[in-house]
Amino acid sequence: MNTNQVMGSTNFSKAIRIGVLGFGGLGQAAAKVLAPKREMILVAAADNKGYAYATEGLNAQDCIATYQSQGSVGYLEPFGTLSNRSIQELLESNQPVDGYFLALPNLPNDFIPTVVKQFINSGWRGVLVDAIKRTSAVEQLIALKEELQAAGITYMTGCGATPGLLTAAAAIAAQSYAEIHRVEITFGVGIANWEAYRATIREDIAHMPGYNVETARAMTDAEVEALLDKTNGVLTLENMEHADDVMLELAGICSRDRVTVGGVVDTRNPKKPLSTNVKVTGRTFEGKISTHTFTLGDETSMAANVCGPAFGYLKAGINLYQRGIHGIFTAAEIMPQFVK
């Protein structure tokens, strides 16, 4: 067996070894989420300037403190390595990692698919999960299905909050109906300081009228600040290009044109500007029109609603992988499993 393959049995008698790629706000939150878990252990972390690996596990707080003070986990003693090719070098080091969470920015739009190709070409085998947003990015990943199968990789895509948790809720809610008329996802995000989630905020700006992926990516921090000053720190987003649509279509729930995603992001206040929810409207077999609404608690942060599901789906992916099932799956197809 390849030493990089998952070694534990499906009862998780051995902790699943996790790597987190990307160590901005989402990556740091992922490290915090993993810290108290028994079934998973953070063994690898990488950013664009370096990576760190420890067989017995990395200390989340040490990784975060090092990143925040020195700009890279590569400075973490004695586990860090500085590199401008951090992901590639981490893969080449052949350190055993069972699954990776790709907490990476999706700017440019093909960035995550490009990283996935690195995994395919490296000979690594295991489980990958992302919290990707854009429909076009998920479509690029779905096009890699056969390559992922051939490479022995089980890939879980769109496994954050939206797409992810809310898409899965829509797929379950749809079961009450004979026909789905519309799925409306509305999110509220509150963060105290946009700089903690720079990549996420730039991705949100890319959805605004007059902006696209390229213009948002090219914006300097000062230009982002200037835009936020104009809007009093609030971004209002409508009819976003969110992969919930293609994921629900692939799952056979409804055509993508019946799915809408929008929301409000307050970058200066941790309190949510509105409650995150999904509404599924349809016709029952008796001919009644009704709407199911699933609302997330306002106290749950964006990080909690993204990282929790991502690791739940990664655990489900490990189960598929151990059964020899490779390829790509979405959050609307597979149930996540709770990570203890």
Side-chain angles (χ1 to χ4, degrees), residues 2-5 16-35 40-132 137 141 144 147-148 151 153 155 195-200 202-203 217-218 220-221 307 310 314:
N2 183 316
T3 56
N4 289 342
Q5 287 181 330
I16 302 163
R17 297 163 295 194
I18 301 296
V20 173
L21 302 185
F23 216 69
L26 199 57
Q28 291 173 44
K32 289 178 186 175
V33 167
L34 284 177
M40 290 185 175
I41 180 172
L42 179 68
V43 296
D47 53 58
N48 61 0
K49 296 176 185 172
Y51 67 91
Y53 183 90
T55 307
E56 301 303 315
L58 293 166
N59 181 287
Q61 291 303 330
D62 289 348
C63 289
I64 292 167
T66 300
Y67 181 89
Q68 291 183 350
S69 63
Q70 295 178 267
S72 175
V73 293
Y75 288 102
L76 181 66
E77 293 291 346
F79 307 112
T81 302
L82 292 170
S83 169
N84 292 323
R85 297 170 58 251
S86 56
I87 296 173
Q88 190 66 37
E89 286 192 19
L90 178 56
L91 287 172
E92 289 171 356
S93 71
N94 286 321
Q95 301 285 8
V97 179
D98 301 322
Y100 282 97
F101 174 29
L102 309 184
L104 297 165
N106 198 37
L107 299 173
N109 210 30
D110 63 350
F111 181 58
I112 289 179
T114 301
V115 171
V116 173
K117 286 179 184 174
Q118 285 183 257
F119 276 90
I120 290 169
N121 295 332
S122 72
W124 178 85
R125 295 168 67 87
V127 181
L128 300 176
V129 66
D130 69 42
I132 211 165
L141 290 167
L144 298 174
E147 289 179 58
L148 287 162
I153 293 172
Y155 194 106
E195 290 181 334
Y197 289 93
R198 292 173 198 239
T200 299
R202 279 191 171 82
E203 281 189 63
R217 185 183 178 219
T220 64
D221 285 359
C307 297
L314 200 157

Side-chain atoms of residues 55-68: list all donor-acceptor pairs with protein atoms under 3.5 Å, sequence neighbours left out, distances to 0.1 Å.
{"unit_1": "N59", "atom_1": "OD1", "unit_2": "Q61", "atom_2": "N", "d": "3.0"}
{"unit_1": "N59", "atom_1": "OD1", "unit_2": "D62", "atom_2": "N", "d": "2.9"}
{"unit_1": "T66", "atom_1": "OG1", "unit_2": "D62", "atom_2": "O", "d": "2.8"}
{"unit_1": "Q68", "atom_1": "NE2", "unit_2": "Q28", "atom_2": "OE1", "d": "2.9"}

For the residue pair D130 and L141, establish whether any side-chain heavy-atom pair is separated by less than 4.5 Å. yes
Between Y100 and F119, is the ring centre distance below 6.0 Å? yes
Looking only at atom types and distance, does a side-chain atom of Y53 sit under 3.5 Å from a main-chain N or O of G19, one as donor and one as acceptor? no
Under 4.5 Å between any side-chain heavy atoms of V43 and D98, yes or no? no
So do D221 and R202 actually touch side chain to side chain, heavy atoms under 4.5 Å? yes
Kindly give the heavy-atom pair with the smallest separation between P105 and F111, and that separation in Å. O-CD2, 3.1 Å
Inter-residue atom distance S122.OG - E92.CD, 0.5 Å rounding: 9.0 Å
So CD1 of I18 and CD1 of I41: to nearest 0.5 Å the spacing works out to 10.0 Å
Is there a side chain to side chain contact (heavy atoms under 4.5 Å, CB included) between Y75 and S69? Walk through the geometry before answering. CA-CA 10 Å; Y75 288 102; S69 63; over 6 Å; no
Step by step, work out the side chain to side chain contact (heavy atoms under 4.5 Å, CB included) result for F79 and V73. CA-CA 9 Å; F79 307 112; V73 293; over 6 Å; no
E147: which residues meet the salt bridge (charged side-chain N to carboxylate O under 4.0 Å, His left out) condition with it, sequence neighbours left out? none
For S93 and Y51, which heavy atoms make the closest approach, and how far apart are they? CB-OH, 4.4 Å
Work out which heavy atom in L42 is nearest to a heavy atom in A31; give both atom names and the distance. CD2-CB, 3.9 Å
So do L90 and L21 actually touch side chain to side chain, heavy atoms under 4.5 Å? yes
Heavy atoms only: give me the nearest A137-I132 pair and the separation to one decimal. CB-CD1, 3.5 Å
Distance-minimising heavy-atom pair for D47 and S72: OD1-OG, 2.9 Å
Nearest heavy-atom contact between Q118 and I87 is NE2-CG2, 4.3 Å
